[in-house]
Amino acid sequence: METNATIVNAPQIELSPETSAATAAEGGEAASKNNQNLLYPACVLKRQDGLYVDAARAALDTQFNRFVDSVFNTEHYLPDLNYLNLSQLLNPATDPNTTKIELLKLSNYPTEFPATRRALYKTVKITGEAERAEYLFEPVFLESTENTSPSTPAEPTKLNFDEFVAYLWLQGVRIGIHETNVRHAIDQNEMGLIEIAKWIEPSAGQDAAIKEVSDALHRDNSPKRLANGQIDLGQFSNRYPQVAKNTALIKKIPRVLGKAGRNVAGEPLDPGLPIDIDFKLLAGAGTHVEQRPDGEYVVSSMDGFLSISSSSNQLSVADKIVSYEGVSMRTTGDLTLTGDDYEEHGEVEELRTVEGKNMTFFANVYGNLISRSGTIMLKENFSMGKMRNPQGKIIVEGRASSALIEAPGGEIRIRTAENCTITGKHVIVENAICCQIVAETLEIGIAEGCAAAAKTVKIAQSGARKDIEAVVSLFIPDLSDFDLQRTLFKKNITEHLTGQKRLEGDLETLKAQPDFAHFLVLQTKIARGEIKLSPEQQDGFKKAASRFTSQLEQLRQLSEKLKLSQAYISQAEQQLQKIDAQQAAGTQEVRCDIDAINDETVVRTMRVKFGGDFLAGATAQELAVALRHLGEPNERLFSGTKGTFSWVYSVAQSS
């Protein structure tokens, strides 16, 4: 079927019912005597040269369809029919430009379709669900209406396309007639079963889509290039992209509705509704939907890290990194995080390393975690890995097993630890099983078969585990350096006091010389202003001073030495006080309290360098050996299987 409507510059003279009836009568046999009884809708305009249709008005309702139906059902047809225009008027969806055309020429005035002509047309074969129609073309003969004699032969005739359309309408074929095929079959007297109509297939629309408008949506999983130019195959270049505020992330491509089709019976065929996207469902925390002149966008509401949830498909921007994929060679590789906060909801696999600041893990961790003085929080279990936070905090709310956990200047809190090596300034473990623990302050709820060493120890219950006794070592400061320093300072003070007496004696001897003593008295009075010298006396005083040059230099040197000696003695005495204060502070809170001893437990002292890191630099194996040593007999404070133990260190016990 053609796709372009015929646009006619029709005369703009509309006829009255009387004039149009007269015009139709002038057409003789071509016009029906009763066509003036047809009801013409407002969209159908009667002109001198035929019928025109206001396509825009016809598309608004079904009046035109009812008009055509009334024409054909009252045994009329539309002569000189423009079938292309008729098709477009019956199915305006087939051509979106139809509504832009003011008038379409339809046909001449309806004409009677006599019974003798209707008898020429045979039954139409409609197949499927009115998908197509076929007609058996064969020779047709018109019976004469003037001679009724049976011997009068019928005259050969031809079908008429305009009549054919009216006939097909009554047979249920109202859309999709192959005008070219039908006219050719009629003109060429073709015979046989020919397809005369086919449905207007619905055209599918287009689903709504999402267009990426920011490169930040894509991670760079290529191997990371280090500052020295080398490639680290264990790390990705940019696993967690960052975006700035008001960055457009994705754009919605609106859905495009399809065009309805029609079967040959004129019934509409639904093209189906394209899938739409609710853009608001894609905007997670830190983003919003924004309507811009060129479309709808999801835009970042803040500066931060971009994440896309695989379960909800939501885009989120946060000041911390939130991951649900876990850490593995497949998903992330090793991570060196630039942000301060990181949340991981997936597992961290063995041999993978995560380095950041404040890190929270909601699933099991089997790899290595390193923090830059922030907080490492584990909600589940930690196994077979290493965790280090030199000056920060480590918290394991689940179970730690066969792991190395270090926070030498920070705090460690663990619910349950088994076969772990733990070092920290302040360590709290609810249940420790066969662990090696070194701390400054140590608190354990239940200790089974552990080897622990600390300055301050508090254990609720202590005992063996599978014939492995619990060994608790108390760090006793080695005060020998203090004693050595005291001895050295006291010796030096004594020497300087002796030297002071010698210097003071030399000064007295020097000042006792009669002439020099008189000069010194005079010099002092002049300096105080008690004696005023005339110019002549000043010259005499200068000459006298020149006579005592050597004595004055000797006096200056002895005075300076005496001041230096006094200053050293003062500093040495202050240093002795500082040493005493340091020793007192270092020996405070050295104690051990065990509320209940349920099995083999040994408590011993372990002398360590004062002010140094306890067992710093020792490997896990070296720690195990040192902490399992039961000490010399004089170092053991307790050995038994029952009871309680409480002990406080004093300096007198160390001497």
Side-chain angles (χ1 to χ4, degrees), residues 1 5-6 8 10 14-18 20-21 23-24 31-47 49-115 118 121 124 126 129-130 133 160-177 179 197 199-200 202 259-270:
M1 186 174 63
T6 302
V8 179
E14 187 170 348
L15 305 180
S16 65
E18 293 79 6
S20 59
T23 303
S32 172
K33 294 181 180 180
N34 63 353
N35 70 61
Q36 64 222 21
N37 295 324
L38 294 171
L39 296 177
Y40 289 83
C43 62
V44 178
L45 305 178
K46 294 179 286 184
R47 304 294 190 194
D49 60 338
L51 301 181
Y52 290 80
V53 181
D54 185 334
R57 297 180 68 176
L60 296 177
D61 53 38
T62 60
Q63 289 184 355
F64 178 74
N65 296 55
R66 290 198 294 269
F67 166 72
V68 174
D69 189 61
S70 67
V71 170
F72 295 149
N73 275 294
T74 56
E75 299 180 354
H76 288 76
Y77 71 96
L78 297 170
D80 196 17
L81 173 66
N82 187 318
Y83 183 74
L84 174 61
N85 289 349
L86 175 64
S87 296
Q88 293 179 350
L89 290 166
L90 292 174
N91 185 33
T94 60
D95 185 2
N97 294 320
T98 299
T99 56
K100 298 180 182 179
I101 301 172
E102 292 185 1
L103 293 178
L104 293 178
K105 175 66 181 294
L106 179 62
S107 66
N108 289 336
Y109 285 89
T111 300
E112 184 179 359
F113 191 1
R118 292 199 307 273
Y121 298 89
V124 178
I126 300 176
E129 296 182 1
N160 177 277
F161 178 76
D162 297 337
E163 295 176 346
F164 197 73
V165 172
Y167 174 77
L168 291 178
W169 184 280
L170 298 177
Q171 296 296 313
V173 179
R174 302 185 175 189
I175 289 292
I177 297 175
E179 181 179 1
W199 68 341
I200 300 174
K259 297 178 182 178
R262 290 183 184 270
N263 60 18
V264 296
E267 297 169 340
L269 301 175
D270 187 5

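Counting from 1, the numbers follow the sequence of the chain as shown.
Nearest approach of Asn263 to Trp199, heavy atoms of both residues: CA-CB, 3.7 Å. Between Pro110 and Pro79 the shortest heavy-atom distance is CA-CD, 4.2 Å. Closest heavy-atom contact between Ser107 and Leu81: CB-CA, 3.9 Å. Smallest separation of non-hydrogen atoms from Tyr77 and Ala166: CB-CB, 3.6 Å. The two residues Leu103 and Arg47 come nearest to each other via the heavy atoms CD1-NH2, 4.1 Å. For the pair Ala42 and Arg57, the tightest heavy-atom approach, listed with the atom from each and the gap, is CB-NH2, 3.1 Å.
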Check: Step by step, would you call Ile126 with Gln171 a side chain to side chain contact (heavy atoms under 4.5 Å, CB included)?
Finding: CA-CA 9 Å; Ile126 300 176; Gln171 296 296 313; 5.8 Å; no

Note to self: What verdict does the side chain to side chain contact (heavy atoms under 4.5 Å, CB included) test give for His76 and Phe113, after you've listed the backbone C-alpha separation in whole Å, the side-chain angles of each residue and the deciding distance to 0.1 Å?
What the structure shows: CA-CA 5 Å; His76 288 76; Phe113 191 1; 5.6 Å; no

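For Tyr83 (side chain) and Ile177 (main-chain N/O), a donor-acceptor pair under 3.5 Å exists by modelled atom type. Using a distance-only test at 3.5 Å, with no hydrogens or angles considered, a donor-acceptor pair links the side chain of Asp162 to the main chain of Asp80. Judged by distance alone, the side chain of Thr74 and the main-chain N or O of Phe72 form no donor-acceptor pair under 3.5 Å. Remark: side-chain polar atoms of Arg118 are not paired, donor with acceptor, to backbone N or O of Tyr167 under 3.5 angstrom.
Note: Asn91 CG to Arg262 CZ = 4.5 Å, rounded to the nearest 0.5 Å. The OG atom of Ser87 lies 6.5 Å from the CD1 atom of Ile200; values are rounded to the nearest 0.5 Å. Between atom CG of residue Asn65 and atom CZ of residue Arg174 there is a gap of 9.0 Å, rounded to the nearest 0.5 Å. In this structure, Trp169 CH2 and Asn73 CG are separated by 9.0 Å, a value rounded to the nearest 0.5 Å. Within the model, atoms CG of Leu60 and SG of Cys43 stand 9.0 Å from one another, a figure rounded to the nearest 0.5 Å. Note that CG of Leu90 and OG1 of Thr62 are 11.5 Å apart. Values are rounded to the nearest 0.5 Å.
Remark: of the listed residues Leu78, Val44, Leu45, Asn82, Leu78 is the sole one forming a side chain to side chain contact (heavy atoms under 4.5 Å, CB included) with Leu106.
Taking the side chain as every heavy atom from C-beta outward, Leu39 and Arg66 never approach each other to under 4.5 Å. In this structure, the side chains of Tyr40 and Leu51 come closer than 4.5 Å at one or more pairs of heavy atoms. Annotation: side chain of Asp54 is not in contact with side chain of Phe64 (no heavy-atom distance under 4.5 Å). Side-chain contact between Leu86 and Val165 is present, with at least one heavy-atom pair separated by less than 4.5 Å. Side chains of Tyr121 and Asn160 form a contact here, defined as non-hydrogen atoms less than 4.5 Å apart.
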